[in-house]
Amino acid sequence: MPNISSDNPFQTVITTFEMTPGTCQDLLDALTDAYDNFISKQPGFIGAGLHVNDAQTRIANYSQWERREDFQAMLRTDEMRKRNRAINDLCKSFEPVMYEVAKSIG
């Protein structure tokens with residue numbers, strides 16, 4: 001489960017995906033499968049969430065990792081490189097960006 005707090009040392013990754021409504025469910029299925037069967041089993045993985053906008057043209061993915069190197073190592077695996085090629089075919093674009101929590105409210 002992600003822990004959104006400026007007090008933690010975790011690496012936060014927010015990835016946005018742009019797609020058509022016709023491919024949204026296929027992309028959501030591919031991302032869910034990647035998390036259930038591969039990403040969640042990688043060293044350093046803490047948790048993630050997938051969010052779909054009302055128009056089904058964007059998916060936002062929030063994930064946390066113990067260290068930035070854990071996330072980068074997962075991306076470099078043959079398995080994830082293969083999955084990312086398939087994910088890329090389902091969307092117009094996607095961009096993972098690493099963040100540090102500057103402030104949490106509430």
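Counting all heavy atoms, side chain and backbone alike, Gln56 lies closest to Cys24 at O-CB, 3.5 Å. Residues Trp65 and Ser63 approach most closely at NE1-OG, 3.2 Å, considering heavy atoms. In terms of heavy-atom proximity, Arg76 sits nearest to Arg81 at O-CD, 3.5 Å. The nearest pair of heavy atoms linking Thr12 to Gln64 is OG1-NE2, 3.7 Å. Closest of all the heavy-atom pairs between Ala102 and Ser6 is O-CB, 3.7 Å. Heavy atoms only, all atoms of each residue included: Thr32 and Leu50 are closest at OG1-CD1, 3.8 Å.
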Mind listing the side-chain donor-acceptor pairs of residues 37-44 below 3.5 Å, one per line with the distance, residues two or more places apart or on another chain?
unit_1: Asn37; atom_1: ND2; unit_2: Asp33; atom_2: O; d: 3.3
unit_1: Asn37; atom_1: ND2; unit_2: Asp33; atom_2: OD1; d: 2.5
unit_1: Ser40; atom_1: OG; unit_2: Tyr35; atom_2: O; d: 2.6
unit_1: Lys41; atom_1: NZ; unit_2: Asp36; atom_2: O; d: 2.8
unit_1: Gln42; atom_1: NE2; unit_2: Phe38; atom_2: O; d: 3.1

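Once rounded to the nearest 0.5 Å, the distance linking SG of Cys91 with CZ of Arg58 reads 11.0 Å. Within the model, atoms CG of Asp89 and CG of Asn84 stand 11.0 Å from one another, a figure rounded to the nearest 0.5 Å.
Here the side chain of Gln11 pairs a donor or acceptor atom with the backbone of Tyr99 at under 3.5 angstrom. Not a single donor-acceptor pair under 3.5 Å links the side chain of Asn61 to the backbone N or O of Thr16. With hydrogens and angles ignored, the 3.5 Å screen pairs a side-chain donor or acceptor of Thr77 with a backbone N or O of Met80. For Asp70 (side chain) and Arg67 (main-chain N/O), a donor-acceptor pair under 3.5 Å exists by modelled atom type.
The shortest side-chain heavy-atom distance between Phe71 and Met98 falls under the 4.5 Å cut-off. Side chains of Ile87 and Phe17 form a contact here, defined as non-hydrogen atoms less than 4.5 Å apart. Using a 4.5 Å heavy-atom threshold, the side chains of Ile46 and Glu66 count as touching.
A 6.0 Å sphere centred on CD of Glu100 holds no more than 12 heavy atoms belonging to other residues, nucleotides or ligands.
Linking ILVMFWY side-chain heavy atoms closer than 4.5 Å, directly or via other members, places Tyr62 and Leu31 in two distinct hydrophobic clusters. Cluster membership for Ile14 and Phe94, using ILVMFWY side-chain heavy atoms within less than 4.5 angstrom, is not shared.
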- prompt: Step by step, would you call Met19 with Ile59 a side-chain contact (heavy atoms from CB on, under 4.5 Å)?
  reply: CA-CA 8 Å; Met19 81 291 299; Ile59 292 176; 3.5 Å; yes
